[in-house]
Amino acid sequence: MAKRLRGSDPMLDFTKNDGFKDGAAKSKALAVFEAATALIETRLSAIRQCAEVDDTQVVIDTEALAARAAAWRAEVEEAIRIVEEATDIANAETMLSLAEKRHYEVVREWTPQISQMEEIVKRVERDGGEELAAVMKAGFKKDPIFAHLVRMNSKHPEKRFSFSDRLIAKWAKFGEELAKYERTDAYVGERNEWLANARKAISEANATIEASRREYNEASRDARTLRDEAASVVERGWKTLVDLLAEGAPEFAELDLDAACGVAREAAAAGVRNGCVVVPFAAEQDERLAELDARRVELKRHLERIAAIA
């Protein structure tokens, strides 16, 4: 690439103001490129028209000049391609948008469930079920008949009650009462197990949301890093375009000077041969040069306006 231009040219400061988002700047830069290309091509056509086909050295010099022009164009086109691709990356929100969408889908799915589970847990914790079960168990144990039958049942579960105990058990509906007692006795353990499982489910759901949030934050950081890197590439690409397109850009200035000198030299040589100096495409060259100057002025003013606004 050509050396960077120095000075206060606003084209050099363009990318400090997020100029890569400005489509007009791109179109104006392309217009400068087209005008510069047209000028060089016109000068080359004039040289070829003046030169004799059998003048080997002139033909070689002309084609070498054409090769330099082609290399310059390729360099500009590569800089434009880099700027365009980096601009697309810098402006892209796809990665961030997808991460955001996934995160909010997780939040929408789990937040209502967490709220519902938390409300149920609070109700269970406040319902006094454990205290009620303790009171009920105490009531069973205070009943002397039930306590006696439970004791007899626990001592000889494989044997039948005595006749009198069987009568008492039937009269007291011991089977039903025992089932109630066993349910009451098991209730506290089952209740605590349910609460533990519910709290675990809430914790896991919150962990799912938190993992999604971390993934989203990481994607956000990655997207910002990628955008910053792309913006930096855009900035360097724009500076390269300035080096290649701006007024006084060394590489193009040398190329155009050599082409203009070639036209003058070959036109003079043709005049010696023909007795009359005629410069081919003279008017067209002047028009192309004026067009290039005008396009450069348009681009420079546009960038000055951007800089002033920023």
Side-chain angles (χ1 to χ4, degrees), residues 15-26 81-141 175-238 306 309-310:
T15 51
K16 294 179 181 178
N17 304 304
D18 276 346
F20 61 90
K21 296 181 180 178
D22 185 75
K26 172 187 170 183
R81 183 191 66 79
I82 290 172
V83 170
E84 288 178 339
E85 292 183 358
T87 298
D88 290 340
I89 294 173
N91 291 335
E93 297 292 341
T94 302
M95 184 170 66
L96 186 58
S97 296
L98 290 176
E100 184 178 29
K101 180 180 179 182
R102 288 194 300 269
H103 174 59
Y104 285 121
E105 284 177 352
V106 170
V107 171
R108 281 194 298 269
E109 176 183 358
W110 286 103
T111 298
Q113 296 186 44
I114 291 173
S115 298
Q116 184 177 16
M117 287 189 291
E118 288 177 338
E119 183 61 31
I120 294 174
V121 167
K122 288 179 181 178
R123 287 205 304 268
V124 172
E125 289 174 336
R126 293 194 302 260
D127 66 5
E130 190 169 355
E131 293 80 1
L132 179 61
V135 171
M136 292 176 65
K137 284 180 65 177
F140 280 113
K141 291 179 180 179
E176 296 177 13
E177 292 301 306
L178 179 62
K180 290 180 183 179
Y181 174 80
E182 290 175 343
R183 287 196 301 271
T184 301
D185 187 49
Y187 168 77
V188 174
E190 293 172 352
R191 179 178 184 275
N192 290 336
E193 182 181 1
W194 183 91
L195 284 172
N197 290 334
R199 293 187 185 109
K200 181 181 178 182
I202 292 171
S203 177
E204 290 175 349
N206 282 321
T208 298
I209 292 178
E210 182 58 30
S212 175
R213 182 178 291 106
R214 288 195 301 270
E215 180 183 351
Y216 172 59
N217 291 337
E218 183 177 351
S220 298
R221 287 192 297 270
D222 291 344
R224 285 194 296 270
T225 299
L226 182 62
R227 184 186 185 281
D228 290 344
E229 291 174 351
S232 178
V233 171
V234 171
E235 180 178 357
R236 294 195 298 272
W238 262 107
I306 291 177
I309 293 171

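Just so it is clear, the structure is predicted and the values come from calculations on it, not from any experiment. Starting from 1, each residue takes its place in the sequence as its number.
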Legend entry - Minimum-distance pair of heavy atoms, taken over all atoms of Gln113 and Glu109: NE2-O, 3.1 Å
Legend entry - Ion pair Glu210/Arg213, N-O distance below 4.0 Å: yes
Inset, instruction - Would you indicate whether the side-chain heavy atoms of Ile89 and Val234 approach each other to under 4.5 Å? - result: no
Inset, instruction - Indicate yes or no for a side-chain donor-acceptor contact from Thr111 to the backbone of Val107 under 3.5 Å, with no hydrogens or angles considered. - result: yes
Inset, instruction - Would you check if there is a donor-acceptor pair between the side chains of Ser232 and Arg236 at a distance under 3.5 Å? - result: yes
Inset, instruction - Compare every heavy atom of Ala86 with every heavy atom of Ala230, then report the nearest pair and how far apart it is. - result: CB-O, 3.4 Å
Inset, instruction - Give, for atom CD of Glu84 and atom CD1 of Ile82, the distance between the pair rounded to the nearest 0.5 Å. - result: 11.0 Å
Inset, instruction - Hey, can you tell me if Tyr216 and Tyr104 have their rings parallel, tilted or perpendicular (30° and 60° cut-offs)? - result: tilted
Inset, instruction - Check Ala25 against Trp238 and note the closest heavy-atom contact, atom names and distance. - result: O-CH2, 3.6 Å
Legend entry - Euclidean distance, Ile209 CD1 relative to Trp110 CH2, rounded to 0.5 Å: 8.5 Å
Legend entry - Nearest atoms (heavy-atom pairs only) where Arg102 meets Ser212: O-OG, 4.2 Å
Legend entry - Backbone N/O of Val83 and side chain of Thr87: donor-acceptor pair under 3.5 Å: yes
Legend entry - Distance-minimising heavy-atom pair for Met117 and Ile202: CB-CG1, 3.7 Å
Inset, instruction - Could you tell me whether Glu218 and Arg214 have a side-chain N and a carboxylate O separated by less than 4.0 Å? - result: no
Legend entry - Spacing of CG belonging to Asp222 relative to CG belonging to Asn217, to within rounding of 0.5 Å: 11.0 Å
Inset, instruction - Mind checking the CD-CZ spacing from Glu118 to Arg123? Nearest 0.5 Å is all I need. - result: 12.5 Å
